[in-house]
Every structure is written in C-alpha cells, then in structure tokens.
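First comes the structure, then the notes that go with it.
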Amino acid sequence: MNDPDCLFCKIVGGDLPSTKVLETERVLAFRDINPHAPTHVLVIPKDHYANVAELTGADPGLAAEVLAAAAGVADAEGVADSGWRLLANSGPNAGQEVSHVHFHVFGGRPLGPMLSA
Ligand code: 5GP
Ligand code: ZN
C-alpha cells in the first residue's frame with residue numbers, strides 16, 4: 001500500500017532522500033530532519049497507514065514489528081540503557097504533521113517532562 005502524495009511513502013520508495021538507521025522487510029527507521037534530541041529517529045511501516053489506530057486495526061503483527069524495530073533503534077543508537085522515549089502523535093490535538101503513522105525515538109539526553117503545560 002502506498003500513497004503517491006505521502007511524504008513518508010516517497011521516502012520508502014526512494015523518491016525523497018533519508019538517513020536510514022535500520023531497515024527490515026516491512027519497517028524503515030530514519031533520522032528526523034529536524035531533531036529534538038541527539039537521537040531522534042522516526043520508525044514507520046513501509047505500507048501506508050494514517051495513524052496508530054489504522055495500523056493496529058489493519059495489521060497488529062506489523063504494529064509489533066514497528067515496536068520491535070524502535071527498540072532495535074534504541075539499541076543501535078546506544079541509548080537502550082541511558083533511556084529513551086517512544087512517541088506517536090495522532091490527529092490535530094497531538095500535532096500530527098505527517099499522515100503516515102510514525103513513532104519518534106528520542107534519546108541521548110535527559111528528556112524532561114512528558115508534556116509541556
Ligand atoms: P509529527 O509531528 O507528525 O509527529 O512528526 C513529523 C516529523 O517528521 C517531524 O518531527 C518532522 O521534523 C519530520 N519530517 C518532516 N518532513 C521530513 C522529511 O522530509 N524527512 C525527514 N527525515 N523527516 C521529516
Ligand atoms: Zn505514506
């Protein structure tokens with residue numbers, strides 16, 4: 001599944017460049033273009049799903065693969081022991097900018113409180 005208008009589908013297809021961190025048959029992890037921490041990696045299924053609910057509803061096994069890849073990214077980035085955060089924005093109140101489900105992996109410094117006031 002692929003959406004020709006989707007930024008992250010274009011990254012999956014190689015039509016837009018990215019800095020890959022980890023890749024499996026169905027999952028891709030690449031560095032965020034505007035990092036908020038020393039480690040800021042986006043982990044996505046290669047197939048297009050708009051958000052977490054669509055992904056888990058359609059293919060819970062793939063959702064598990066994405067989570068396992070996020071843990072693999074933390075390991076590869078050397079932040080597994082120091083600590084890391086996994087974040088997925090869904091919808092306007094969460095500030096989701098790209099409608100291709102993605103999990104942010106943050107690490108490499110103390111990450112502060114979970115939410116701003
Ligand atoms: P959201 O706000 O949807 O949770 O996060 C979208 C993320 O995608 C942002 O952190 C933003 O910096 C990142 N992003 C947007 N466009 C690109 C791009 O072309 N390449 C990469 N690597 N990241 C992008
Ligand atoms: Zn997409």
Side-chain angles (χ1 to χ4, degrees):
M1 258 176 296
N2 192 279
D3 176 346
D5 297 324
C6 169
L7 191 66
F8 288 174
C9 283
K10 287 178 184 165
I11 286 177
V12 169
D15 299 324
L16 279 178
S18 70
T19 305
K20 286 182 194 174
V21 174
L22 180 152
E23 185 170 12
T24 70
E25 192 186 337
R26 298 210 289 168
V27 178
L28 181 65
F30 54 95
R31 297 200 187 282
D32 195 291
I33 204 167
N34 180 26
H36 289 271
T39 288
H40 185 175
V41 174
L42 302 174
V43 186
I44 65 170
K46 291 180 180 176
D47 282 346
H48 182 93
Y49 298 99
N51 53 41
V52 172
E54 270 197 17
L55 170 63
T56 54
D59 194 338
L62 180 54
E65 287 180 38
V66 173
L67 289 182
V73 166
D75 208 22
E77 291 285 297
V79 301
D81 292 336
S82 55
W84 55 289
R85 183 171 291 162
L86 190 61
L87 175 78
N89 292 314
S90 280
N93 273 1
Q96 183 179 7
E97 291 172 7
V98 180
S99 293
H100 182 131
V101 63
H102 52 280
F103 290 79
H104 299 254
V105 175
F106 299 107
R109 65 165 171 81
L111 294 167
M114 210 157 43
L115 291 175
S116 58

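Read the numbers this way: they start at 1 and go in the same order the structure lists the ligands and their atoms. Given the structure is predicted, the values throughout are model-derived calculations rather than measurements.
Shortest contact from atom 3 (O) of ligand 1 to any protein heavy atom: Glu97 N, 2.6 Å. Ranking the protein heavy atoms by distance from atom 6 (C) of ligand 1 puts His102 NE2, 3.5 Å first. The closest protein non-hydrogen atom to atom 22 (N) of ligand 1 is Arg31 O, 2.8 Å. Regarding atom 24 (C) of ligand 1, its nearest protein heavy-atom neighbour is Ile33 CG2, 3.5 Å.
Here Glu65 does not pair with Lys46 in a salt bridge; the nearest charged N to carboxylate O distance is not below 4.0 Å.
Here's the thing with His40: none of its N/O atoms is less than 3.5 angstrom from an N/O atom of ligand 1. Polar contact check, Gly95 against ligand 1: a nitrogen or oxygen pair lies under 3.5 Å apart. Looking at ligand 1, you'll find an N or O of Val98 within less than 3.5 Å of one of its N or O atoms. Residue-to-ligand polar distances keep Gln96 apart from ligand 1: every N/O pair is separated by 3.5 Å or more. Close N/O approach between Leu7 and ligand 1 is not found [any backbone or side-chain N/O within under 3.5 Å].
Phe30 CZ to Leu16 CG: the interatomic distance, rounded to the nearest 0.5 Å, is 10.0 Å. One distance of note links CZ of Arg109 with CG of Leu111; it measures 5.5 Å at 0.5 Å rounding. For the atom pair CD1 of Ile44 and OG of Ser18, the computed distance is 8.0 Å after rounding to the nearest 0.5 Å.
Listed by atom number, the atoms of ligand 1 under 4.0 Å from Asn89 heavy atoms are 1 (P), 2 (O), 4 (O). Atom numbering of ligand 1 starts at 1 in the shown order; those under 4.0 Å from a heavy atom of Phe8 are 8 (O). For ligand 1, the atoms lying closer than 4.0 Å to a non-hydrogen atom of Asn34 are 12 (O).
Contact check for Asp47 versus Asn2: no side-chain heavy atoms found under the 4.5 Å cut-off. With contacts defined as side-chain heavy-atom distances shorter than 4.5 Å, the pair Val79/Val73 does not qualify. Counting only heavy atoms from C-beta outward, the side chains of His100 and Leu7 never approach each other to under 4.5 Å.
Per residue His100, closest N, O or S atom to the Zn ion (ligand 2): atom name ND1. Of all N, O or S atoms in His48, the one lying closest to the Zn ion (ligand 2) is ND1.
Distances from ligand 1 to the non-hydrogen atoms of His104 include at least one value under 4.0 Å. Using a non-hydrogen distance threshold of 4.0 Å, Thr19 does not register as a contact of ligand 1. For Leu42, the closest heavy-atom approach to ligand 1 falls below 4.0 Å.
Under the 3.5 Å distance criterion, the side-chain polar atoms of His48 are left unmatched by any main-chain donor or acceptor of Pro4. For Gln96 (side chain) and Val98 (main-chain N/O), a donor-acceptor pair under 3.5 Å exists by modelled atom type.
For atom 13 (C) of ligand 1, the nearest non-hydrogen atom from the set Ile11, Asp32, Ile44 belongs to Asp32.
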Worked check of ring pair (Phe, Tyr, Trp, His ring centres under 6.0 Å) between His104 and His102: CA-CA 7 Å; His104 299 254; His102 52 280; 5.2 Å; yes

Verdict with reasoning, Phe103 to Leu67, per side chain to side chain contact (heavy atoms under 4.5 Å, CB included): CA-CA 8 Å; Phe103 290 79; Leu67 289 182; 4.1 Å; yes

